[in-house]
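First up is the structure itself, then whatever we jot down about it.
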Amino acid sequence: MKPITLTLIFLLTNGCVSNNNFELRPAKFGQGKSGFIHVEEADSSITLTIFSIENHSPDVLEQAFHKKASQFCGGYKYTMISFDHLVDICSSGGCFDYAVEGRFKCT
């Protein structure tokens, strides 16, 4: 009975959870890396896309989005204009499992 219990504990803590160690690094889509892309818009807002190819949960990516937005704005001093969840997007350069994209303006 003990080996079964240990196996179940291992699977529940490692095998069925998503990766929470998201590294906020610049990346270009199609390079096979998770990361972010930002675009400074003409109206001084910023469009920020956080994408993962490493099975990060939507919550982890949303937290990474807000962390990066706060870095751009010197703290949590920004107004959200839009925010969307994207799933399984592919191009000729590759695919990502999950992404979030939002547009915000520093205040």
Side-chain angles (χ1 to χ4, degrees):
M1 187 72 165
K2 193 173 190 177
I4 292 173
T5 303
L6 292 175
T7 301
L8 286 174
I9 289 171
F10 176 78
L11 287 175
L12 289 173
T13 58
N14 294 311
C16 300
V17 296
S18 62
N19 184 353
N20 289 330
N21 299 321
F22 187 80
E23 185 179 340
L24 278 170
R25 61 180 172 227
K28 290 184 180 176
F29 180 67
Q31 290 182 329
K33 297 178 183 176
S34 296
F36 74 90
I37 299 171
H38 77 282
V39 177
E40 295 181 23
E41 306 293 349
D43 66 353
S44 299
S45 66
I46 299 171
T47 299
L48 177 62
T49 306
I50 308 279
F51 56 93
S52 172
I53 61 166
E54 301 166 358
N55 196 32
H56 293 94
S57 74
D59 291 338
V60 168
L61 295 184
E62 192 167 340
Q63 290 171 5
F65 176 92
H66 290 292
K67 181 178 180 179
K68 192 63 187 171
S70 72
Q71 290 172 354
F72 278 113
C73 298
Y76 291 94
K77 301 177 243 175
Y78 57 91
T79 302
M80 292 299 302
I81 298 169
S82 65
F83 190 84
D84 296 300
H85 294 258
L86 310 170
V87 181
D88 293 330
I89 306 297
C90 296
S91 75
S92 59
C95 299
F96 60 80
D97 294 327
Y98 200 83
V100 295
E101 182 174 84
R103 190 169 172 198
F104 61 93
K105 195 167 194 175
C106 298
T107 55

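Counting from 1, the numbers follow the sequence of the chain as shown. Any value given below was found using the heavy atoms of this structure, including those in side chains, with hydrogens, waters and symmetry copies removed.
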Minimal non-hydrogen separation, [X] against [Y], with atom names:
X     : Y     : value
Phe65 : Ile50 : CA-CG1, 3.8 Å
Ser45 : Ile81 : CB-CD1, 3.8 Å
Ser34 : Ser52 : OG-CA, 3.2 Å

TODO: For Lys77, check side-chain contact (heavy atoms from CB on, under 4.5 Å) against everything at least two apart and list the hits.
DONE: Thr107
TODO: Can you tell me which residue pairs pass the salt bridge (charged side-chain N to carboxylate O under 4.0 Å, His left out) test with a partner in residues 34-50, sequence neighbours excluded?
DONE: Asp43-Arg103
Distance-only donor-acceptor pairs under 3.5 Å for side chains of residues 67-74, two or more places apart:
residue : atom : partner : partner atom : Å
Lys68   : NZ   : Gln71   : OE1          : 3.0
Ser70   : OG   : His66   : O            : 3.4
Ser70   : OG   : Lys67   : O            : 2.7

- [ ] Begin from the C-alpha positions of Phe51 and Leu86 and carry the test side-chain contact (heavy atoms from CB on, under 4.5 Å) through to its verdict.
- [x] CA-CA 9 Å; Phe51 56 93; Leu86 310 170; over 6 Å; no
Open item on the list: Please verify the inter-ring angle class for His85 with Phe83; under 30° counts as parallel, over 60° as perpendicular, anything in between as tilted.
Closed with: perpendicular
Open item on the list: Rounded to the nearest 0.5 Å, what separates atom CD in Glu101 from atom CG in Asp84?
Closed with: 7.0 Å
- [ ] Find out if a path of hydrophobic residues (ILVMFWY) with successive side-chain heavy-atom gaps under 4.5 Å connects Val39 to Met80.
- [x] no
